[in-house]
Participant: 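I have a structure here, written as structure tokens, and I will follow up with some questions on it.
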There are 2 protein chains.
Amino acid sequence: MARRSDHSREEIRAMALAAAQQIVTEQGFAALNARKIASAIGYTVGTLYLVFKNLDDLFLQLNARTLDDLHAALADTASAHADCEQRLKALAHAYVDFACEHTQRWELIFQHRLPPGETLPQWYQVKISAVFGLVEAALAELAPERSSAQVAEAARALWGGVHGICILALTNKLGVGGATSPRASVESLVTHYLYGFRALTGS
Amino acid sequence: MARRSDHSREEIRAMALAAAQQIVTEQGFAALNARKIASAIGYTVGTLYLVFKNLDDLFLQLNARTLDDLHAALADTASAHADCEQRLKALAHAYVDFACEHTQRWELIFQHRLPPGETLPQWYQVKISAVFGLVEAALAELAPERSSAQVAEAARALWGGVHGICILALTNKLGVGGATSPRASVESLVTHYLYGFRALTGS
DNA sequence: ACCTGAACACCGTTCAAGT
DNA sequence: ACCTGAACACCGTTCAAGT
């Protein structure tokens with residue numbers, strides 16, 4: 001059997017990514033596999049390998065879309081705040097909101113690992129840098145006297161911090177009994193960090 | 001065949017956990033599976049299920065040991081610093097050192113997820129709380145006027161932050177090309193956060 | 001040319017059968 | 001009683017064979 005050509009390669013790619021997104025959203029990372037994706041789009045497993053190099057490639061392309069969506073949400077937030085301290089706080093809360101609203105998709109970015117030895121492709125690292133860029137831009141505006149290296153360092157510290165609070169809260173590893181809301185912790189982190197960042201001139 | 005009784009149940013349990021620890025350390029989470037653990041201790045897969053409920057149970061017990069080791073390292077560090085600000089910084093750096101030195105074991109704590117619906121057992125959550133307790137104790141001493149709820153909130157914010165920096169740095173998801181050292185970012189985070197925490201009386 | 005579906009080498013988990 | 005090893009229902013990936 002075979003030779004259907006109901007859909008172009010690009011259509012199959014889009015359908016597969018949409019199906020994978022729905023599966024991970026509804027059932028989580030562990031439930032995401034090739035046969036389930038294929039049957040959701042009405043094709044057999046083999047077809048996926050005509051369009052994607054392998055499952056790692058499919059997951060990477062799915063994560064790339066999520067990073068695009070995250071960047072769009074943060075960029076929208078950034079453009080709504082002229083004051084750069086307000087902007088940084090709004091960015092942090094927008095990150096928390098995205099993580100809470102799209103938890104499974106957002107977690108897939110961090111749960112998926114390439115086989116040992118393989119590194120993330122350059123076009124993918126560019127997308128990560130774009131998200132960090134929004135934070136760096138606001139920090140640079142807040143402290144114009146700092147070098148770009150100092151601003152980059154502060155962005156890593158602050159954004160790593162925001163991310164860590166989200167991860168520990170959403171995966172229930174923050175020590176306390178039930179799940180805790182990351183909102184208050186992030187507010188505390190950003191407020192205190194920025195106060196110190198502006199007050200201390202060295203580093 | 002069968003009936004060897006070369007080892008007691010408890011001995012087999014200890015051997016399996018030691019083998020699993022070695023495999024994850026040398027080959028990473030993805031390479032850790034039942035058949036490999038069993039053959040490393042000279043038994044067949046079936047035997048593992050006499051001692052552990054399933055692989056999730058085995059991983060949880062391995063993570064419990066790692067949490068014990070982490071707690072011991074942090075407790076040692078804490079007792080070496082009388083000044084509580086110095087103690088907090090030393091704790092943060094000790095956490096970074098542990099994550100860098102035992103990366104694969106430390107990552108297993110966060111990469112391993114129970115099936116949807118299942119929650120971490122109470123005895124395990126106690127171990128997580130013990131680690132947080134060291135941070136809370138130092139923060140409480142630093143700011144005796146704060147309520148215990150405020151101290152707990154600050155511990156979540158600060159420690160979530162330290163953790164996030166480590167995770168992003170060690171998994172190469174901090175935006176910049178090569179891997180970045182988490183040490184400088186953590187130093188920046190803790191210094192600036194604590195400065196703000198002491199200066200701002202509300203929250 | 002496009003797609004299938006069976007095959008291969010793996011998984012986690014169970015359990016009748018051996019000693 | 002203790003352990004085996006074969007079996008089951010799954011994986012990801014490949015590829016000869018059909019249309």
Side-chain angles (χ1 to χ4, degrees), chain A residues 1-21 23-24 26-63 108 111-118, chain B residues 1-21 23-24 26-63 108 111-118:
Chain A
M1 12 216 101
R3 176 178 194 100
R4 313 195 336 192
S5 233
D6 291 346
H7 306 95
S8 70
R9 250 173 169 64
E10 182 51 43
E11 283 172 328
I12 291 176
R13 178 180 167 278
M15 288 161 64
L17 288 175
Q21 177 166 325
I23 292 164
V24 79
E26 293 173 356
Q27 304 168 247
F29 180 38
L32 193 55
N33 64 59
R35 282 169 176 86
K36 205 180 276 185
I37 296 167
S39 94
I41 65 172
Y43 281 82
T44 58
V45 245
T47 304
L48 288 181
Y49 290 81
L50 282 136
V51 177
F52 300 97
K53 187 168 162 278
N54 50 34
L55 271 198
D56 282 328
D57 180 33
L58 193 158
F59 290 173
L60 216 59
Q61 295 195 33
L62 183 54
N63 285 339
L108 185 65
Q111 281 202 256
H112 177 241
R113 302 288 167 84
L114 292 177
E118 284 189 43
Chain B
M1 16 216 101
R3 178 183 191 97
R4 313 194 335 189
S5 232
D6 291 347
H7 306 94
S8 69
R9 252 174 167 65
E10 182 50 44
E11 282 172 330
I12 292 177
R13 178 181 168 276
M15 289 161 64
L17 289 174
Q21 177 166 326
I23 292 165
V24 79
E26 291 172 358
Q27 303 169 248
F29 179 37
L32 193 56
N33 64 59
R35 281 170 176 84
K36 205 180 278 184
I37 295 167
S39 95
I41 64 172
Y43 282 81
T44 56
V45 244
T47 303
L48 288 181
Y49 290 82
L50 282 134
V51 176
F52 301 97
K53 187 169 162 277
N54 50 34
L55 272 198
D56 283 327
D57 181 32
L58 193 159
F59 290 173
L60 215 59
Q61 295 195 33
L62 183 54
N63 285 338
L108 185 64
Q111 279 201 260
H112 176 243
R113 302 290 166 84
L114 291 178
E118 283 189 44

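Per chain, numbering begins at 1; letters A, B, ... match sequence-line order. The basis for the numbers below is simple: all heavy atoms, side chains too, and nothing from hydrogens, waters or symmetry mates.
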Participant: Could you tell me if the side chain of B:H7 sits less than 4.5 Å from the side chain of B:M15, heavy atoms only?
Facilitator: yes
Participant: Determine whether B:H112 and B:D56 satisfy the following criterion, side chain to side chain contact (heavy atoms under 4.5 Å, CB included), listing intermediate values before the conclusion.
Facilitator: CA-CA 8 Å; B:H112 176 243; B:D56 283 327; 2.7 Å; yes
Participant: Just name whichever nucleotide pairs with D:dA6, Watson-Crick or G-U, keeping both distances under 3.5 Å, else none.
Facilitator: C:dT14
Participant: Answer whether the closest heavy-atom distance between the side chains of A:I12 and A:Y43 falls below 4.5 Å.
Facilitator: yes
Participant: Can you check the B:F52 CZ to C:dG12 P distance for me, whole Å?
Facilitator: 14 Å
Participant: Is the phosphate of C:dC2, meaning OP1 or OP2, less than 4.0 Å from a side-chain N or O of A:T47?
Facilitator: no
Participant: Return the value, rounded to whole Å, for the distance between atom CG of B:D6 and atom C1' of D:dA1.
Facilitator: 14 Å
Participant: Check this one for me: any side-chain N or O of A:N33 less than 4.0 Å away from OP1 or OP2 of D:dC11?
Facilitator: yes
Participant: Is there a side-chain contact between A:L17 and A:F52 (heavy atoms, below 4.5 Å)?
Facilitator: yes
Participant: CZ of B:R13 versus P of D:dC2: gap in Å, rounded?
Facilitator: 17 Å
Participant: Which whole-number value in Å describes the distance from A:L50 CG to D:dG12 P?
Facilitator: 17 Å
Participant: Distance check needed: C:dA1 P versus A:I12 CD1, whole Å only.
Facilitator: 16 Å
Participant: Closest-nucleotide mapping onto DNA chain C: is B:N54 or A:V45 further toward the 5' terminus? I mean the 5' end.
Facilitator: A:V45
Participant: Can you find a side chain N or O atom of A:Y49 that sits less than 4.0 Å from OP1 or OP2 on D:dT13?
Facilitator: yes
Participant: Considering only side-chain heavy atoms of A:T44, which listed nucleotide, C:dT13, D:dT4, C:dG5, is closest?
Facilitator: C:dG5
Participant: What integer distance in Å separates A:R35:CZ from C:dT4:C1'?
Facilitator: 13 Å
Participant: Atom NE2 of A:H7 and atom P of C:dC3: how far apart are they, to the nearest Å?
Facilitator: 10 Å
Participant: Enter the distance from A:L60:CG to A:L108:CG here, rounded to the nearest 0.5 Å.
Facilitator: 10.0 Å
Participant: Under a 3.5 Å cut-off for both distances, is D:dA1 Watson-Crick or wobble paired, and to whom?
Facilitator: C:dT19
Participant: Nearest to the side chain of A:Y43, which nucleotide is it out of D:dT13, D:dT4, C:dT4?
Facilitator: C:dT4
Participant: Name the closest nucleotide to the A:R9 side chain, picking from C:dC2, D:dT4, C:dT4.
Facilitator: C:dC2
Participant: Would you indicate which nucleotide in D:dT13, C:dT4, D:dT4 comes nearest to any side-chain atom of A:L55?
Facilitator: D:dT13
Participant: Take atom CG of B:L48 and atom P of C:dT14, then tell me their distance rounded to the nearest Å.
Facilitator: 12 Å
